[in-house]
Every structure is written in structure tokens, then in C-alpha cells.
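Positions are given from 1, in the same order as the sequence printed here.
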Amino acid sequence: MSNKNIFNNRVFFDGAMGTMLMSRGLEGAPEFYNLTHPHVLKEIHAEYAAAGCDVVTANTFGANRVKLPGADIPAIVKNGVELAKTAGKLVALDIGPAGGLIKPLGNLDFEDVYTAFAEQVKAGKDADIIAIETMTDLYELKAAVLAAKENSDLPVVASVTLDKNGKLLTGADIPCVIALLEGLRVDALGLNCSLAPSQVTRFVREFLKYASVPVTVSPNAGLPLPDGSYDNVPPERYAADMRVLAQMGVRIMGGCCGTSPAHISAVIEAVKDMPLIPVTKKTHTIAASGQRSVIWGKRPVIIGERLNPTGKPKLKAALKSGDMDYIQNEALEQDAADILDINAGLPEINEPEVMVNIIKAVQSITSKPLQIDSADPVTVERALRAYNGKAMINSVGGTRESMESIFPLAAKYGGVLIALPLDENGIPGTAAGRLEIAGRIVEAAKKYGIEPKDIVVDGLAMAIGPDPNAAAVTLETVKGLNALGLKTLLGISNVSYGMPNREALNAAFYTMALNNGLSCAIINPCAQSIMDAHEAYCVLSGAGPEKERDSKNADTTYQAVLHGLTGAVDALLAADNREPLEIINSEIIPALNAVGAGYESGRLFLPQLIKSAETAQAAFAALKGRMGGKRAAAKGRIVIATVKGDIHDIGKNLSGVLIKNYGYEVIDLGKDVAPEEIVAAAEKYNAPFVGLSALMTTTVRSMETTIKALKNNGYGGKILVSGAVMNAEYAEIIGADMYVKDALAAVAYMGKM
């Protein structure tokens, strides 16, 4: 089977590597086995090949410079690919998470993570496929796919790991994942790890609903038990459940934790005679941030206009001075919007730099997708690369220059394009003229691989003052575009420029446009009359009322912490004359509790949680000098570490940040930490809590060894354990005091103690 057009057929990948290594008594960082145990890897690859798989996966999952600093990454990757090739099958270069978090969640720069993945891709150039898997952060997923696409022409299949609610660790839903990956032109996409085949059915159904490329699924068959065995889904049941997924339309199958050659062989036997279900092109228009997707449907999409400096002197001043606090507040005030327009088009500033800064600032405090609004292709490209998700792009016109500069960017990074039906001759005065240009833009976009679903055509609302017929022409244009099946947009406030009673005119015009099929509008979501018109239309058209929204701002420290507005804290506290302990107890702690409740309920996600915790920490620091002889109650100290042999520390790092920002002292020993080091640190720091993390299936025994070492040394504190391979039952068996699923659970437990 050739790697070209490989996913036109049913494809079987191999199963777990860690499971097979454990069965041979090997533990630790398995990537190094490419150099130290080549014969073992050859045997494992050969067993999977004998089971009948089409693709064997090179043992390169964590072989990157972030996770393995100082290691000879090119040698590890090159050897891994060469060893896999001995199986006589197609070889997938395996790329897993980098081992850290990208800013603002962590301390890694996006481009540094990209560079680490690019090194991996270049070293694995002799592979046949690039398989990016087990990703839990959409931004890191973007870095990995860009590294693959920009440094190789191999087919790319990308898969993510979901929680029980179908979300990534950082909050992205399935449409977010699909929008990003299809925008970046991967060849196949799907999910792996975390759950068993029977548990992923509803998520697979959603992948198949939205994806226009083949879907891949490689579930778990179980998790490790303390004795090194697995609480396995047996091969026969695994295969029966995978058959159901094949019947649904899954085309690419393999296995993750707990699977073996027997599982892969059983799956192949179970589905080999099934007809291949065709992959169909979907027509969903989706914009996405790193946490939230907006799908065009029954309700009109609202794009908030307040971060465009036209006619806004305060915003212009903020852009010139770099006042991101003001910009963040303006973003939060537009809570009724689905998407926020971002424009930094002032001649006296560095537009590309400021645009990127705004994107980072706004994405750190809101999960709403953004619209990149610029006439400068350099700014557009810088913004698209820095953006976490699939942005809207405003805009492309019908001139050759515009299309040749914008279409390649949209084709490379993905995006929902706003098309302006104007050309070298200007804006047509008739609906027919605008429709003709719109058609040309849509056809030209297809040459770049940009589908009509990713184009929203602006009907061009013009001021009725100079031309009383302008609104009628625009409405006719919207109606005509709608009849052609195209999504439509209007900048509503343009129609009333220079007229009295603008808000009433805008509301009436908006209603008329909606009745003519308008699917998207750029409006001021804080204008009551136009929002009343929006909600009335939604109710009367059967779309139903919108959920109640609260206006957001940072008038109090509580609100600043709640919304993660770190820059607002100093001024708010300076104006608050109350005792520091009163502020802590009445503002900061309640805000943290509210954020924690939102996170637990699924309304808020990890980025908001971290940002709020950081804001609380800034508030504590600002109040410290005012405390005098008084001090807030000491919360305690915890030593945290990823256990010996395990180099995965994303969860541990996140937990450390959050626990620290909840007022605890955190001593982080890092990753791959020997039991004796943990024992020594617990004694040295007199820590009442020790937190241990393990992710790899090959290092689960280290957790039990470390706990025994602590207790044998007389440690009397509480031992908390966490990680993907952990659960409450296992924690009890190995002698831990508490299994905590995340940092909030750890904070809650320590608070009770």
C-alpha cells in the first residue's frame, strides 16, 4: 500500500507500545529504547506487522527537545523510524505532546514548540506518514501540524484525547478540533487514548457529522493495574466495539493503551469484509477559538464591532499606548457577541505587532472566536499564525491583488473568509453586479482549495444619506446570496452613517436583513435596541430565546479575579480602603470559588481557571505590603513531582501553578524524580502534602515504589496521586491518601485537611 492516497482505503494502525514494553519488563522513557534496546523494538514492530496492520508506528512519541532536553533528538527519531521499517509495513512518525504548555497557560513560546516539532519532523523524513496524536491542547496541536506541513510533504493524520465530556484538557470541543485541523489541511483526523471503544461512540458520531476527511479512532483497551497487568477490554470485545465504529464510518483504526497485536488482529478480522463508507464533504461553516466553536445555523451569528478603532477615540488611544486592560474590558463588555472583531489599523502604530498583542491579550480572557480585521496581508499572516483556533478573516475583495494575497493565507492557516463583492471598478450599484463578483470570488477560492462553506459574503451596507436606495440594493444582494446557498454578512451600522436616530435605523435595517436571509452581522452588542431586534427575530423565527448574558467588567476586585484581568488589580486595590483580610475574604476567595464552580460544571475551562488564579496571586502580592502584622491564614506546603522514569509533566505543571495561586507554597521537583529525592524534599521542607504524578503506562510501578519509600522513612503527611493512569481504586491499593483528578480537587482536599 502506498502512502499516497492511503486514506482512500480502510487503514489499520498498530497498537500500544508502552503495553508491549511493560510486558517485557521495561520501564522508563521508552524513546531512549531506540538506542538502547533496538532488538526489542524490532520484535514489537514485527508482532504488530504479523497481526496484519498496514502501518507500524515509530517509537518517537515523546522524542522532542522540550520533553527530552539534552538528548540527541535526531538520532532517537532516525533510529526509531529505521527500526519500524524493519517490519516491512508503512511507517508513521509518531509525534506526541511537547511536554509543556504554551503561553499564556504555561511558559513555552508557540514558536519554540513549533521548532521542537519541526526538528522531529525533519529527523523522521524517511517515514511514510506523520501521525500526531494524544493532543490535549488545540494551540499545541496547531504547532505540531504546522511543523509537519512546513517541513514535510508526507500525509498527516492528527488525533486528540478527549475527556468524558468530549473536550480537550484546555476546553476545545470536537467542532473546534475539526475546524482547526481541516483548515490546516490534514489528511485525516480523530481521537485516540483515554477511553475504550464503547465509550467513544457518541464522540465519533460528532466527528463524522462535521469532518470532511477520513476519521481515525485508536481507543484504549484498559489501564495498568498495580501488578503491571491491565484491566483490559479483551480483544474480542474490543473488536466488536470497533466494528460498530466502522459501521458508523470510521475508516482508520488502531489501538492505544492496553492494546496488543491480539487486539489489532481481532479488529482486522471483525471489519475486513465490511463495505467502506464514503467520506462526504460537509457544509458546516465553523469559526473557533481554542475553547469554543461557533457554527452557523438557526441563530444569526453576531460579531462584536467595539474593538475596531473607527470612530472610537478611547480605543485609538489604547492602541497607541498599548493599554491592553482597556482592550480586554472592551472584549468582556461584548458578552452578547458570538465572535469579536479585532482591528489595529492605525497608521501611527506597528499594526502586525499590535494585532498579535491584542489577539494574545483577548484570547487570555475570553473563549470567543476572533475576526482578524486588516487590509494588510503581513498583519493577516502574523495574526493567523499567532491565533489559537480557526479565525474569521476580514476580508478578501474581488481584485486580483486581494485574492492573490489573501487566499494563500487562508489556504495555509484556515479561516472563515469574508468576501467583499467589489473589484477594480469599485462597488457595483446593483445587486446583480455584487452577485457576479461574489460568484467570481467563490470560484477563484476553489482553486486554492477553499470551499464555499468557509466564505461569508458581505452584502455591503452603504449609507442611505447620500443614496436613499442603498439599503434596498443591499437587501436584494443578501436575498440573492442566500438563494445561492452562500452565508451572508453585513456591517449594520454603515447604513445609518450621518443620519439622526441611528440606533433605531440600525435595528430596523437589521430586522429587514434577517428577513432576507442574513446569517451574520457586525453590530454593537451593547446597543439595546439592536439586541432587542435580534432576540425578537430569534423568538419569532423559531430559533428560541438566547440564554441570559451578564455584562462583564472589572469594576471590583471580585470581577477582576473572576474574569482574569490581572492588569486591573493594582488600580482597584489602590482605590479600596478596606482591610486586606476583608478584601481577601469578601472579594478574592469568593471569586476563586465561583471560577472553580464554573470549571467543575463545564462552563469555564482551564485557560480561564489559570488566568483567574494568576490574577488572584497578583492581588495577594499587591495586598502583602498592606498586611502589617496581620497575615492571611497559612494554607500549607506541598512537594510535587512526576515519578521516576516518567517525563510527562503537563498535568503536574498545571497543578503546581494553580495550587500556588490558591495560596499554597509549591516545591516542584520536576519530572523523572527518584523516590529518594522526593523523600528528602518532603523531610527538608517539612511538607504536610506530597503530590505524585504519572502518565506513562511504563512508569506506574514507580508511583507505588515512591509511596513505600515515603512511608518507610516515617513520612506522616498526606500523599496525593494523579495522572492519566491513575484512579481512586489504584490510589488506595498502592497506599496513597487521596486520588485527585485535577488541581482543584487537590486544593479542595488540602483545604479540608
TODO: Taking the side chain as every heavy atom from C-beta outward, state whether Lys368 and Asp335 have any pair of such atoms under 4.5 Å apart.
DONE: yes
- [ ] Indicate whether any N or O donor in one side chain lies under 3.5 Å from an N or O acceptor in the other, for Tyr413 and Glu381.
- [x] yes
Open item on the list: Counting neighbours of CE on Met512 that are heavy atoms of other residues, nucleotides or ligands and sit closer than 6.0 Å, is the number greater than 12?
Closed with: no
Open item on the list: Rounded at 0.5 Å granularity, tell me how far CD1 in Ile492 sits from CZ in Phe509.
Closed with: 5.5 Å
Less than 3.5 Å apart, which donor and acceptor atoms pair up between the side chains of residues 518-526 and the rest of the protein, not counting sequence neighbours?
unit_1: Ser519; atom_1: OG; unit_2: Thr488; atom_2: N; d: 2.7
unit_1: Ser519; atom_1: OG; unit_2: Thr488; atom_2: O; d: 2.9
unit_1: Asn524; atom_1: OD1; unit_2: Cys526; atom_2: N; d: 3.0

TODO: Please check if any side-chain donor atom of Glu424 sits under 3.5 Å from a side-chain acceptor atom of Thr399, or the reverse.
DONE: no
- [ ] Take atom CD of Glu401 as the centre, draw a 6.0 Å sphere, and report whether it contains more than 12 heavy atoms from other residues, nucleotides or ligands.
- [x] no
TODO: Under the salt bridge (charged side-chain N to carboxylate O under 4.0 Å, His left out) rule, collect the residues that match up with Lys320, sequence neighbours excluded.
DONE: Glu348
TODO: Would you check if the side chain of Ser402 reaches a backbone N or O of Gly397 as a donor-acceptor pair within less than 3.5 Å?
DONE: yes
TODO: Starting at CD1 of Ile437, measure out to CZ of Arg434 and round the result to the nearest 0.5 Å.
DONE: 9.0 Å
Open item on the list: Met392 and side-chain contact (heavy atoms from CB on, under 4.5 Å): which single residue from Val416, Thr285, Ile342 fits?
Closed with: Val416
- [ ] Would you give the length of the straight line joining atom CG of Leu422 to atom CD1 of Ile427, rounded to the nearest 0.5 angstrom?
- [x] 5.5 Å
- [ ] Might you confirm whether atom NZ of Lys360 has over 12 heavy atoms from other residues, nucleotides or ligands at distances under 6.0 Å?
- [x] no
Task: Non-hydrogen side-chain atoms of Ile302 and His534 separated by less than 4.5 Å - done: yes
Open item on the list: side-chain contact (heavy atoms from CB on, under 4.5 Å) for Asp325 and Leu565? Distances and angles first, verdict last.
Closed with: CA-CA 7 Å; Asp325 292 340; Leu565 297 172; over 6 Å; no
- [ ] Scan side-chain atoms only and decide if Asn506 and Ser493 contain a donor-acceptor pair under the 3.5 Å cut-off.
- [x] no
Task: Check: Ala527 main-chain N/O paired with Glu503 side-chain donor or acceptor under 3.5 Å - done: no
Open item on the list: Could you report the tightest heavy-atom contact between Ser612 and Leu592, atom names first, then the distance?
Closed with: O-CD2, 4.1 Å
- [ ] Would you check, one step at a time, whether the test side-chain contact (heavy atoms from CB on, under 4.5 Å) holds for Tyr139 with Leu105?
- [x] CA-CA 10 Å; Tyr139 207 23; Leu105 295 182; over 6 Å; no
- [ ] Please check if the side chain of Lys142 supplies one atom and the backbone of Tyr387 the other of a donor-acceptor pair under 3.5 Å.
- [x] yes
Open item on the list: Would the distance check show the side chain of Lys282 and the main-chain N or O of Ala211 forming a donor-acceptor pair, the cut-off being under 3.5 Å?
Closed with: yes
- [ ] Give, for atom CD1 of Ile286 and atom OG of Ser293, the distance between the pair rounded to the nearest 0.5 Å.
- [x] 6.5 Å
TODO: Check whether any side-chain heavy atom of Glu182 lies under 4.5 Å from a side-chain heavy atom of Val186, and answer yes or no.
DONE: no
- [ ] Using a 4.5 Å cut-off on heavy atoms from C-beta on, say whether the side chain of Leu181 contacts that of Val145.
- [x] yes
Open item on the list: Quick test of your reading of the model: are Lys209 and Glu206 salt-bridged, counting only N-O distances below 4.0 Å?
Closed with: no
Task: Side chains of Pro452 and Lys446 in contact at under 4.5 Å (non-hydrogen atoms) - done: yes
Task: Check: Ser289/Ser367 side-chain N/O donor and acceptor closer than 3.5 Å - done: no
Open item on the list: Donor-acceptor pair, distance only, cut-off 3.5 Å: does the side chain of Thr511 make one with the backbone of Ala507?
Closed with: yes
Open item on the list: On a heavy-atom basis, which atom in Asp373 and which in Met355 lie closest, and how many Å separate them?
Closed with: O-CE, 3.7 Å
Open item on the list: With a 4.5 Å cut-off on side-chain heavy atoms, are Leu505 and Arg502 touching?
Closed with: no
Open item on the list: Go through it in stages, so that I can follow the logic: the residues are Leu460 and Thr477, the test is side-chain contact (heavy atoms from CB on, under 4.5 Å), and I'd like the CA-CA distance, side-chain angles, deciding distance and then a yes or no.
Closed with: CA-CA 8 Å; Leu460 296 178; Thr477 303; over 6 Å; no
Task: Test item: Ser541 side-chain N/O and Tyr537 main-chain N/O as donor-acceptor pair under 3.5 Å - done: yes
TODO: Check whether any side-chain N or O of Gln334 sits under 3.5 Å from a backbone N or O of Glu330 as a donor-acceptor pair, and report yes or no.
DONE: yes
TODO: List the atom of Ile455, the atom of Ala419, and the distance in Å for their closest heavy-atom pair.
DONE: CG2-CB, 3.9 Å
Open item on the list: Using the rule given for side-chain contact (heavy atoms from CB on, under 4.5 Å), can you reason through Tyr558 versus Ile588, listing the C-alpha separation, both sets of side-chain angles and the distance that settles it, and then say yes or no?
Closed with: CA-CA 6 Å; Tyr558 174 89; Ile588 301 174; over 6 Å; no
Open item on the list: We want to know whether Asn308 and Thr310 form a side-chain donor-acceptor pair, criterion being a heavy-atom distance below 3.5 angstrom.
Closed with: yes
Task: Pairwise distance CD1(Ile358) to CG(Asn343) - rounded to 0.5 angstrom - done: 8.0 Å
TODO: Give a yes or no on whether the backbone of Val356 and the side-chain of Arg382 come within a donor-acceptor separation of less than 3.5 Å.
DONE: no
- [ ] Please examine the side chains of Leu435 and Pro421, heavy atoms only from C-beta on, and report whether any two atoms are closer than 4.5 Å.
- [x] no
- [ ] To the nearest 0.5 angstrom, please state how far the CG atom of Leu307 sits from the CD atom of Gln371.
- [x] 11.5 Å
TODO: Please check if atom OH in Tyr497 has more than 12 non-hydrogen atoms from other residues, nucleotides or ligands closer than 6.0 Å.
DONE: no
- [ ] Evaluate whether atom NZ of Lys479 has more than 12 neighbouring non-hydrogen atoms of other residues, nucleotides or ligands under 6.0 angstrom away.
- [x] no
Task: Flag side-chain contact, heavy atom, 4.5 Å: Glu140 against Met135 - done: yes
Task: Nearest non-hydrogen partners of Ala618 and Thr566, listed with the distance - done: CB-CG2, 3.7 Å
- [ ] For the pair Arg292 and Asp338, find out whether any cationic side-chain nitrogen is under 4.0 Å from an anionic carboxylate oxygen.
- [x] no
TODO: Flag the pair Asp423 and Arg440 as a salt bridge only when some basic side-chain nitrogen lies within less than 4.0 angstrom of an acidic carboxylate oxygen.
DONE: yes
Open item on the list: Can a side-chain donor-acceptor contact be found between Glu333 and Asn329 if the only test is distance below 3.5 angstrom?
Closed with: no
Open item on the list: So which atom in Gly304 and which in Ala337 form the shortest heavy-atom distance, rounded to 0.1 Å?
Closed with: N-CB, 3.6 Å
- [ ] Mark yes or no for whether Gln328, through its side chain, and Ala361, through its backbone, hold a donor-acceptor pair below 3.5 Å.
- [x] yes
Open item on the list: On a heavy-atom basis, which atom in Leu572 and which in Thr556 lie closest, and how many Å separate them?
Closed with: CD1-O, 3.5 Å
Open item on the list: Donor-acceptor pair, distance only, cut-off 3.5 Å: does the side chain of Ser496 make one with the backbone of Met499?
Closed with: no
